[in-house]
Amino acid sequence: MKIATWNVNSIRARLERLVAWLKTHQPDVVCLQELKVADAEFPLLAVQEAGYHAAVYGQRTYNGVAILSRAEPAEVERGLCDGVQDDQARLICARFADVRVLSAYVPNGGEVGSDKYAYKLEWLRRLRGYLERRCEPRQPLALCGDFNVAPEPRDVADPEAWADTVLFHPEVRAALEQVRSWGLRDAFRIHHEEGGLYSWWDYRMLAFPKNRGLRIDHIFVSEPLAERCVDSSIHRQERKGKQPSDHAPVLAEFKAA
DNA sequence: ATGGTTGCTTAGCAA
C-alpha cells in the first residue's frame with residue numbers, strides 16, 4: 001500500500017501535473033492540501049478518470065484538503081470536530097479497511113508572535129486532542145500533510161537562519177512533538193538518516209536550485225504501520241519543470257499486514 | 001527591514 005501527501009498549492013493550477021503523477025506512481029492513497037477550491041469546483045471528473053475516489057473538504061481561495069484513493073473511503077470526517085467555531089478547511093479523515101488516514105494542512109502561522117501564530121499553536125494542540133478522542137495508537141494510522149514545521153536541524157538548509165521563523169521556532173517544534181508523542185513515527189526517517197532532504201522550497205530567491213529548503217511535509221504513522229513501512233521517498237523531481245507546486249510529494253510504502 | 005515568486009481574485013492577501 002502506497003500512501004502519499006502533497007501540498008499542490010491550488011488543485012486547478014496543478015491538475016495536469018497531479019494526474020500525470022498519479023498515472024506514473026499509482027499510489028493507493030493521496031492526501032492533498034491547499035486545494036484552494038470550494039467543494040463544487042473540485043475537479044472530480046478528472047480525478048475519477050484517473051481511477052480515484054475523492055473525499056474532499058474544500059474552501060474557496062484558501063486551504064482545502066482531500067484524500068484521493070483507489071478504494072472507496074469509509075468513515076469520512078471533516079474538520080477537528082471539537083466544537084470550536086472554525087471555518088478553515090484543514091483536516092479530513094477517512095478509513096481504508098483497517099487503516100485510518102488523515103490529510104492535514106497545519107496553519108502557516110505568518111509571523112512569530114502574531115494572531116496567526118497563536119492559531120497555529122492552538123491548532124496543533126487541537127490536532128493532538130482529535131487523535132486522543134477519535135483514534136487509537138494501537139491501530140494502523142497515517143497522519144499526513146503539510147505541517148509547516150521542520151522537526152529537526154537536519155530538516156532545514158540553514159537552521160540558524162530559520163530558528164526565529166514560524167517554520168522552525170523551538171515553540172512550534174515542541175508543539176509538533178506534542179502531536180507526535182501521542183504515538184507517531186516519521187515514516188521518512190525510518191529509511192533516511194541524512195540531512196539535505198527537503199519537501200518545500202520558496203518560489204523566490206532561487207531557493208530550489210540552491211536547495212535551500214525545509215522538510216515540512218510529513219507522513220507520521222502509528223507503530224503498527226511503522227512496522228510495515230518498507231520504503232519512503234520525496235519526489236523532488238516534481239518541484240522541477242513547468243508550473244510546479246512549491247512543495248514536492250512525499251511517499252511511503254507499506255507491506256500487507 | 002526589504003525583496004524575491006506564485007495563485008486567487010481583482011489590489012491585495014497569503015504563503
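Chain identifiers are assigned alphabetically (A, B, ...) following the order of the sequence lines, protein sequences preceding nucleic acid strands; residue numbering begins at 1 within each chain.
Across the interface with DNA chain B, nearest-nucleotide mapping of G110(A) and T61(A) shows T61(A) to be the residue nearer the 5′ end. Between N7(A) and Q243(A), the one whose closest nucleotide on DNA chain B sits nearer the 5' end is Q243(A).
Look at CZ on F208(A): it is 14 Å from P on dT6(B), rounded to the nearest Å. Note: CG (D202(A)) to C1' (dG7(B)) measures 14 Å, nearest angstrom. Atom-to-atom, CG of N9(A) to C1' of dT5(B) comes out at 11 Å; the value is rounded to the nearest Å. With rounding to whole Å, E111(A) atom CD is found 12 Å from dA14(B) atom C1'. For K240(A) and dT6(B), the NZ to P distance is 18 Å, given to the nearest whole Å. The separation between Q88(A) atom CD and dA15(B) atom P is 8 Å, rounded to whole Å. In this structure, Y62(A) places its OH atom 10 Å from C1' of dG7(B), rounding to the nearest Å. Atom CZ of R90(A) is separated from atom P of dA14(B) by 11 Å (rounded to the nearest Å).
Applying the ring pair (Phe, Tyr, Trp, His ring centres under 6.0 Å) test to every pair with at least one member in residues 212-243 of chain A, sequence neighbours left out, gives these pairs: W21(A)-H235(A), H25(A)-H235(A), F147(A)-H218(A), F147(A)-F220(A), H218(A)-F220(A). Residue pairs meeting the salt bridge (Lys or Arg N to Asp or Glu O under 4.0 Å) criterion with at least one member in residues 38-67 of chain A: none, sequence neighbours excluded. Pairs engaging residues 104-119 of chain A under the salt bridge (Lys or Arg N to Asp or Glu O under 4.0 Å) rule: none recorded [sequence neighbours left out].
Nucleotides dG4(B) and dC8(B) are separated by 22 Å at their P atoms, to the nearest Å. Comparing the same atom, C1', in dT10(B) and in dA1(B) gives a spacing of 29 Å after rounding to whole Å.
You'll find that the side chain of R204(A) is closest to dT5(B), out of dG7(B), dT5(B), dA14(B). Among the nucleotides dA14(B), dT5(B), dC8(B), the one closest to the side chain of Y203(A) is dT5(B). In the set dC8(B), dA15(B), dT6(B), dC8(B) carries the atom at the smallest distance from any side-chain atom of R12(A). Distance from the side chain of M205(A) is smallest to dG4(B) among dC8(B), dG4(B), dA14(B).
Partners of D164(A) according to the side chain to side chain contact (heavy atoms under 4.5 Å, CB included) rule, which considers only residues two or more places apart in sequence or in another chain, do not exist here. For H53(A), the side chain to side chain contact (heavy atoms under 4.5 Å, CB included) partners at least two apart in sequence or on another chain are S69(A), E72(A), P73(A).
Salt bridge absent: E223(A) and R138(A) never bring a charged side-chain N and a carboxylate O closer than 4.0 Å. A salt bridge does not link R215(A) to E152(A): none of the charged side-chain nitrogens sits closer than 4.0 Å to a carboxylate oxygen.
Proximity of residues 151-160 of chain A to DNA chain B (heavy atom under 4.0 angstrom from any strand atom) is not detected for any residue.
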